[in-house]
Amino acid sequence: MRVLVLGLALLSLAALPGRAQTTVVMRGKPKEPSTWAEIKRALRERAEPAWLLVEDPAKPMAGALAELLKAEPLVESAFKVYSSTLEGPLGRELRGAFGWDGPRWALVNAKGQVLLVGTRLPPAPELWAQVRQAGVQTRLEVLEAFVARNPDHLEGRVELLGERFSVAHRRMAPFLKPQPKPVEDEKAPSPELIRPFGDEEDGRIWGRLAAELERHLLSGDFLKTEGWPFLGKPQEVAAFSPAMKAAALKGLPVVEDALRQSPTHWILWSWWEKLATITGGRPLSPLLASFTLLPGQRLTALPPEYILKGYLQRARAAGAWKAIRELLAPRWEAEQLEPMEVLALDIAGKAKEDGLGFSWDNYLGALLEARLRLGETQDADRMLAEILQWQPGSVSLPRRAAAVATACGYPDLAARWGALKVAPKS
């Protein structure tokens, strides 16, 4: 029997026999700098300029500066903005440090020295001209110059890919429907176009990145670096670009060939996921069926959980229920061969009602929904009995299953499943 212990602050995975135990400590986001000393430290670490803003609450400038930085050609810069009110702690500190007697905007270099300063924000072209006269280079320009001097530096080229993507993503803002800021740990809503996106705009925004990405993939250079400056970016917006789609479609077979040689390579899976997202989706089952596995290796362990989760989110949104069932049904059949005892703990270390949540969120809920969406109610019914046999004491199953049945339009089934009596595990 496998044992899995889950907690919010600490994940301790009791691995399969013969493998070491892994402990992963989850930490929160780093705190934003709130003093001038902290800002200067951040400037040195980032090695690039930043904007400082001290504003009068009665005449705010933050919104106006944000709009200016979205406009061409300032959109290419993306320097960090640190802002405060006149009487805020940071505002008082900045006024004292620079001798400002009222509201100010300023651009400082990586050493914290003021390059530009003013009391009124000029129009975007004028502000950009001042930035250029001050000799400031954008991150994109710095990387382009570096790669021009060092054309064989693969990590530099991957950094450049990531920065080109960031700039392209910002340039897409006028074409996209504004989205509310997602709650922490909540998936951001899918982007939507609000006006047509033509070939000329595609070439201007995405063309150079698409050409460089295609070369990076077809040359096999992606196998030689981790690729995170690019892989760490969300690729949903790139799916609106015909140039990026074409590059991804050419690169995917190369990545899939590499995965056949190394089916558990998590960076290759990350490349596959990003490129599949750009193309608008790609079925997983045919790729998995083409793998040759090591003796004792389980196909159901592929792809890695974080890839599977993202794939299922996109497949559910697209209504690809048959593809979901074909992918998850074999995984569930194999999983039942090895009973699992899950001890789920909350942040205080107290046991939760049961340990079903991990498997349910990863794939069981999606498989049950797929079967209901496809009208396979008998298979769905049988699946509940199988879950209880596989993981006895799953007291949350009636509630979880009933919610899925309700969402799929089966009120009678929801009532019956919700009334199931499950004895807690003693």
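Residue indices begin at 1 and follow the sequence shown. Just so you know, these numbers use all the heavy atoms, side chains as well, and skip hydrogens, waters and symmetry mates. Owing to the predicted nature of the structure, the values given are computational and were not obtained by experimental measurement.
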Exercise. Would you say the side chain of Glu236 lies within less than 4.5 Å of the side chain of Ser190, judging by non-hydrogen atoms?
Worked result: no
Exercise. Can you tell if the side chain of Leu367 reaches within under 4.5 Å of the side chain of Arg325, non-hydrogen atoms only?
Worked result: yes
For this session: State the CD-CG distance between Glu87 and Asp56, to the nearest 0.5 angstrom.
Result: 9.5 Å
Exercise. Got a donor-acceptor contact below 3.5 angstrom from the Gln137 side chain to the Val142 backbone?
Worked result: no
Problem set entry | Glu155 atom CD: more than 12 heavy-atom contacts under 6.0 Å | no
Exercise. Do you know the tightest heavy-atom contact between Leu161 and Glu212?
Worked result: CD2-CB, 3.8 Å
Problem set entry | Non-hydrogen atoms of Leu397 and Leu384 that approach each other most closely | CD2-O, 3.7 Å
Exercise. Between Val108 and Ile39, does a side chain to side chain contact (heavy atoms under 4.5 Å, CB included) hold up when you go through it step by step?
Worked result: CA-CA 11 Å; Val108 296; Ile39 291 173; 6.0 Å; no
Exercise. Rounded to the nearest 0.5 Å, how far does OG of Ser219 lie from CG of Leu217?
Worked result: 7.5 Å
Problem set entry | Min side-chain heavy-atom separation Leu259-Phe291 under 4.5 Å | yes
Exercise. Is the Trp105 ring parallel, tilted or perpendicular to the Trp51 ring (thresholds 30°, 60°)?
Worked result: tilted
For this session: If the plane angle is over 60° it's perpendicular, under 30° parallel, otherwise tilted; pick one for His153 and Phe146.
Result: perpendicular
Problem set entry | Asp202 side-chain N/O to Ala243 backbone N/O, donor-acceptor pair under 3.5 Å | yes
For this session: Look at the aromatic rings of Tyr363 and Trp332 and report parallel, tilted or perpendicular, splitting at 30° and 60°.
Result: tilted
Exercise. Charged N to carboxylate O below 4.0 Å: is that the case for Glu144 and Arg164?
Worked result: yes
Exercise. Can you find a pair of side-chain heavy atoms, one from Val131 and one from Ser77, that are under 4.5 Å apart?
Worked result: no
For this session: Assess the side chains of Glu76 and Thr138: does a donor N or O sit below 3.5 Å from an acceptor N or O?
Result: yes
For this session: Begin from the C-alpha positions of Lys309 and Gln313 and carry the test side chain to side chain contact (heavy atoms under 4.5 Å, CB included) through to its verdict.
Result: CA-CA 6 Å; Lys309 185 175 181 179; Gln313 286 175 339; 4.2 Å; yes
Exercise. Is there a donor-acceptor contact under 3.5 Å from the side chain of Lys80 to the main chain of Leu43?
Worked result: no
Exercise. Tell me, do Leu107 and Leu52 make a side-chain contact under 4.5 Å, heavy atoms counted?
Worked result: no
Exercise. Do side-chain atoms of Gln235 reach the backbone of Thr277 as a donor and acceptor pair under 3.5 angstrom?
Worked result: no
Problem set entry | Closest approach of Trp417 to Pro398 (non-hydrogen atoms, all atoms of both residues) | O-CB, 3.3 Å
Problem set entry | Glu201 bridged to Arg171 by N-O distance under 4.0 Å | no
Problem set entry | Straight-line distance of Ser359 OG to Arg331 CZ, nearest 0.5 Å | 10.5 Å
For this session: Grab the two heavy atoms, one from Gly393 and one from Val422, that are nearest each other, plus how far apart they are.
Result: C-CG1, 4.1 Å
Exercise. Does the side chain of Glu369 reach to within under 4.5 Å of the side chain of Arg316, using non-hydrogen atoms?
Worked result: yes
For this session: Determine the interplanar angle of the Phe230 and Phe165 rings, folded into 0 to 90°, and report it as parallel if under 30°, tilted if 30 to 60°, perpendicular if over 60°.
Result: perpendicular
For this session: Supply the atom-to-atom distance Glu48 CD to Asn109 CG, rounded to the nearest 0.5 angstrom.
Result: 12.0 Å
Problem set entry | Aromatic plane relationship, Phe197 with Phe175 - under 30° parallel, 30 to 60° tilted, over 60° perpendicular | perpendicular
Exercise. Hey, is Arg132 close enough to Glu141 for a salt bridge, meaning N to O under 4.0 Å?
Worked result: yes
Exercise. Does Glu256 offer a backbone N or O that forms a donor-acceptor pair with the side chain of Trp271 under 3.5 Å?
Worked result: no
For this session: Using modelled atom types only, decide if a donor and an acceptor are shared between the side chain of Arg157 and the backbone of Pro151 within a distance under 3.5 Å.
Result: yes
Problem set entry | CA sep, side-chain torsions, deciding dist, call: Glu273, Arg314, side chain to side chain contact (heavy atoms under 4.5 Å, CB included) | CA-CA 11 Å; Glu273 181 197 33; Arg314 292 188 294 275; 3.4 Å; yes
Problem set entry | Point-to-point distance, once rounded to the nearest 0.5 Å, from OG1 of Thr35 to OH of Tyr82 | 10.5 Å
For this session: Evaluate the side chain to side chain contact (heavy atoms under 4.5 Å, CB included) criterion for residues Phe240 and Trp206: first the C-alpha distance (whole Å), next the side-chain angles of each, then the deciding distance (0.1 Å), finally the verdict.
Result: CA-CA 10 Å; Phe240 294 123; Trp206 296 100; over 6 Å; no
Exercise. Do you know which two heavy atoms are closest between Glu32 and Glu38, and how far apart they sit?
Worked result: O-OE1, 4.3 Å
Exercise. Are any non-hydrogen side-chain atoms of Glu226 and Ser270 less than 4.5 angstrom apart?
Worked result: no
Problem set entry | Criterion salt bridge (charged side-chain N to carboxylate O under 4.0 Å, His left out) on Arg416 and Asp381, from CA distance to verdict | CA-CA 10 Å; Arg416 180 157 60 81; Asp381 236 350; 2.8 Å; yes
Problem set entry | Pairwise side-chain contact, Leu193 with Leu176, heavy-atom cut-off 4.5 Å (strictly under) | yes
Problem set entry | Side-chain donor/acceptor of Ser166 to backbone N/O of Gly162, under 3.5 Å | yes
Exercise. About how many Å separate CZ of Arg371 and CE of Met383, when rounded to the nearest 0.5 Å?
Worked result: 6.0 Å
Seminar exercise, completed: Here the pair of heavy atoms bringing Ala405 nearest to Leu372 is CA-CD1, 3.7 Å
